[in-house]
Amino acid sequence: MPELPEVEALRDFLAVHLVGERIERARPVAISVLKTYDPPVDALDGRTVTGVGRHGKFLDIDADGLHMAVHLARAGWLRWHDTLPADPPRPGKGPLALRVALAGGAGFDLTEAGTRKSLAVYLVHDPQEVPGIARLGPDPLAPGFGRDDLAGLLAGERRQLKGALRDQSLIAGIGNAYSDEILHVAKMSPFKPVAHLTDDEITTLYEAMRTTLTDAVERSHGLAAGRLKAEKKSGLRVHGRTGEPCPVCGDTVREVSFADSSLQYCATCQTDGKILADRRMSKLLK
């Protein structure tokens with residue numbers, strides 16, 4: 001799933017390639033991708049893109065005051081074309097969900113792999129009309145977001161660290177991959193209760209969060225949209241690397257599987273060498 005760093009890189013890419021361009025037409029190929037119907041998607045036709053923003057994991061394309069908010073979900077992506085294919089897209093079982101054509105001949109496709117369709121496009125006058133944006137917590141890379149802000153958000157939390165970091169209403173933009181990465185840098189168990197964090201540990205967590213996300217954004221800066229997925233995978237230290245050696249200590253990266261996701265961690269770095277139990281126990285094995 002694209003998370004804050006990849007969506008920020010897409011925003012950066014589109015700010016260069018899309019702003020100032022006139023939209024010739026915007027057409028859905030899979031009608032299920034549209035989550036709003038008034039205004040209709042063809043209301044974008046003829047408008048000029050005036051800005052590209054990001055809200056957590058949402059892209060926000062501003063076309064003369066009409067906003068196309070995009071959530072790429074787990075398997076969605078944006079594919080840029082310097083020259084769009086000449087043949088019009090056809091509805092079917094392929095990954096193409098929506099195409100935006102620009103007056104100059106370029107454009108982009110929104111695609112989604114797999115059979116589980118969660119890619120979402122909203123057309124609104126104000127991004128806060130999108131429920132997923134309206135409920136977002138603070139952006140962890142916002143200039144004013146400091147250590148004490150994180151401490152305030154975590155005060156009274158009863159969840160484990162992994163679940164709290166992934167909660168978009170608590171902190172915007174962090175998902176399964178970067179929560180693993182942040183906790184590895186912080187040397188903390190994903191199952192550690194938030195309520196057990198000391199003041200020093202909150203400082204460590206904040207610094208790990210800022211460093212991990214900032215480094216990921218900087219690695220992706222200036223890359224073409226088509227290269228961002230590969231960059232994300234190459235930069236991850238533990239997420240998606242089950243069975244590989246930890247880049248810090250050399251121990252084997254381990255996994256805990258859940259119904260529809262998994263987490264990765266290093267026992268030596270994060271849990272004092274103890275192996276985390278499966279999802280049914282969610283505790284450390286003795």
inquiry  = Are Leu98 and Leu78 connected into the same hydrophobic cluster when the rule is that any two of I, L, V, M, F, W, Y join if their side-chain heavy atoms are below 4.5 Å apart?
reply    = yes
Assess, by modelled atom type and distance only, whether the side chains of [X] and [Y] contain a donor and an acceptor separated by less than 3.5 Å.
X	Y	value
Thr48	Arg22	no
Glu255	Ser257	yes
Asp109	Thr111	no
Ser262	Gln264	yes
Ser179	Lys162	yes

remark   = Given the options Val41, Ile23, Leu44, Asp45, Val100 meets side-chain contact (heavy atoms from CB on, under 4.5 Å) only with Ile23
request  = Determine the sole option in Leu66, Ile61, Leu34 for which the side-chain contact (heavy atoms from CB on, under 4.5 Å) test with Leu123 is passed.
outcome  = Leu66
query = Hey, which of His239, Glu6, Arg166 is the one that makes side-chain hydrogen bond (donor to acceptor under 3.5 Å, both in side chains) with Tyr178?
reply =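 With Tyr178 as partner, His239, Glu6, Arg166 yield a single side-chain hydrogen bond (donor to acceptor under 3.5 Å, both in side chains), made by Glu6.
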key: Flag side-chain contact, heavy atom, 4.5 Å: Leu14 against Val19   = no
request  = State, yes or no, whether a side-chain contact exists between Asp215 and Arg210 at a heavy-atom distance under 4.5 Å.
outcome  =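 Counting from C-beta outward, Asp215 and Arg210 never come under 4.5 Å.
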Taking [Y]'s backbone N and O only, do any of them form a donor-acceptor pair with [X]'s side chain (distance below 3.5 Å, no angle check)?
X	Y	answer
Glu207	Thr204	no
Arg47	Asp64	yes
Gln270	Pro190	no

inquiry  = Between Leu205 and Met188, does the side-chain contact (heavy atoms from CB on, under 4.5 Å) criterion hold? Intermediate values first, please.
reply    = CA-CA 8 Å; Leu205 181 64; Met188 295 179 185; 4.1 Å; yes
Ion pair present between [X] and [Y], side-chain N to carboxylate O less than 4.0 angstrom?
X	Y	value
Glu112	Arg74	no
Glu8	Arg11	yes
Asp180	Arg237	no

key: Parallel, tilted or perpendicular, as decided by the 30° and 60° cut-offs, for the rings of Phe58 and His71   = perpendicular
task = Specify whether Trp80 and Phe108 have parallel, tilted or perpendicular ring planes, treating 30° as the upper limit for parallel and 60° as the lower limit for perpendicular.
result =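 Ring orientation of Trp80 relative to Phe108: parallel.
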ask   = Looking at residues at least two apart in the chain, or sitting in another chain, which of them share a salt bridge (charged side-chain N to carboxylate O under 4.0 Å, His left out) with Asp139?
value = Arg54
